Amino acid sequence: DGGITQSPKYLFRKEGQNVTLSCEQNLNHDAMYWYRQDPGQGLRLIYYSQIVNDFQKGDIAEGYSVSREKKESFPLTVTSAQKNPTAFYLCASNHGGGGTGELFFGEGSRLTVL
Amino acid sequence: KQEVTQIPAALSVPEGENLVLNCSFTDSAIYNLQWFRQDPGKGLTSLLLIQSSQREQTSGRLNASLDKSSGRSTLYIAASQPGDSATYLCAVTMDSNYQLIWGAGTKLIIKP
């Protein structure tokens with residue numbers, strides 16, 4: 001079955017550590033996205049990529065980094081520079097020019113900083 | 001700047017009722033609008049996508065309408081069931097840059 005796989009589902013990090021969240025899709029989608037969701041708030045865009053080897057900053061990119069070396073994969077690194085990293089992270093992908101098609105999501109990764 | 005608003009933030013209704021969730025947006029230059037469902041601690045599931053040229057889309061007990069001129073979309077749920085309890089979010093894709101703008105969601109509780 002096609003879909004988006006995020007791992008790990010839960011992750012604990014000590015302050016000062018970098019962590020990488022995995023996102024893999026087998027939907028053959030060109031565009032991929034990373035969102036952050038905090039309790040009581042809407043989704044906020046961290047980074048997005050419309051094509052392999054290219055990505056753009058979203059609204060809250062500071063303290064995060066990404067890569068898009070393969071069409072299927074869009075990993076997100078939460079660096080020690082991110083001051084408040086505890087959150088629920090969602091990866092998404094879609095088709096369409098500029099990414100205008102129906103948006104599909106993974107199950108999310110919950111990061112907790114100890 | 002586009003703003004997407006969903007009111008109310010929370011809604012509780014008895015099982016079996018028909019209900020309407022609202023989504024309003026300030027800039028009518030949209031490419032499409034999507035409705036999503038999110039269960040607690042889970043990712044989002046796409047329910048319906050309406051292109052800017054369409055007036056409505058239907059899937060099972062769900063019907064979404066779009067009125068670009070008034071900046072409104074509604075999600076109609078017929079014969080609600082406890083399994084419909086979730087948070088419902090809408091998002092618009094901007095015509096200018098294809099960016100998605102999100103509402104904060106409506107938390108729906110269906111009481112048995």
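The structure presented is a predicted model; accordingly, all values stated were derived computationally and were not measured. Naming: A, B, ... by sequence-line order, numbering from 1 per chain.
- There is a path of hydrophobic side-chain contacts, each under 4.5 Å, that joins B:Leu75 to B:Val13.
- If you take CG on B:Leu49 and CG on A:Asn94, they are separated by 9.5 Å, rounding to the nearest 0.5 Å.
- The number of heavy-atom neighbours closer than 6.0 Å to CD1 of A:Ile51, taken from other residues, nucleotides and ligands shown, is 12 or below.
- Hydrophobic clustering of Ile, Leu, Val, Met, Phe, Trp and Tyr side chains at less than 4.5 Å, counting indirect connections, keeps A:Phe105 apart from B:Tyr88.
- Within the model, atoms CD of B:Gln38 and CZ of A:Phe88 stand 6.5 Å from one another, a figure rounded to the nearest 0.5 Å.
- A donor-acceptor pair is defined here as one N or O able to donate and one able to accept, closer than 3.5 Å; such a pair exists between the side chain of B:Gln34 and the backbone of A:Leu103.
- Within the 4.5 angstrom heavy-atom criterion, no atom of A:Arg44 approaches chain B.
- With a 4.5 Å cut-off on non-hydrogen atoms, A:Tyr48 touches chain B through its side chain but not through its backbone.
- Listed options B:Ala91, B:Gly105, B:Gly41, B:Ala9 were ranked by heavy-atom pairs under 4.5 angstrom with chain A; first place goes to B:Gly41.
- Taking CG from A:Leu45 and CG from B:Leu100, the interatomic distance works out to 8.5 Å, rounded to the nearest 0.5 Å.
- Interface remark: A:Gln37 contributes side-chain atoms only to the contact with chain B (heavy atom separation under 4.5 Å).
- In this structure, B:Leu47 is a member of the same hydrophobic cluster as B:Ile30, with clusters built from ILVMFWY side-chain heavy atoms closer than 4.5 Å.
- If you chain together hydrophobic residues whose side chains sit under 4.5 Å apart, A:Leu76 and A:Leu111 fall into the same group.
- Taking NZ of A:Lys9 as the start and NZ of B:Lys42 as the end, the distance is 4.5 Å to the nearest 0.5 Å.
- When each of B:Thr87, B:Thr45, B:Leu44 is scored by its heavy-atom pairs under 4.5 Å with chain A, the top score falls to B:Leu44.
- With a 4.5 angstrom heavy-atom cutoff, B:Gln51 does not touch chain A via any of its atoms.
- When hydrophobic clusters are built by joining Ile, Leu, Val, Met, Phe, Trp and Tyr residues whose side-chain heavy atoms come closer than 4.5 Å, directly or via intermediates, A:Leu11 is not grouped with A:Tyr35.
- The neighbour count for B:Arg72 CZ, taken as heavy atoms of other residues, nucleotides or ligands under 6.0 Å away, does not exceed 12.
- If you measure heavy-atom distances from A:Ile4 to chain B, you find no contacts under 4.5 Å at all.
- Atom CD of A:Gln41 has more than 12 heavy atoms from other residues, nucleotides or ligands within 6.0 Å.
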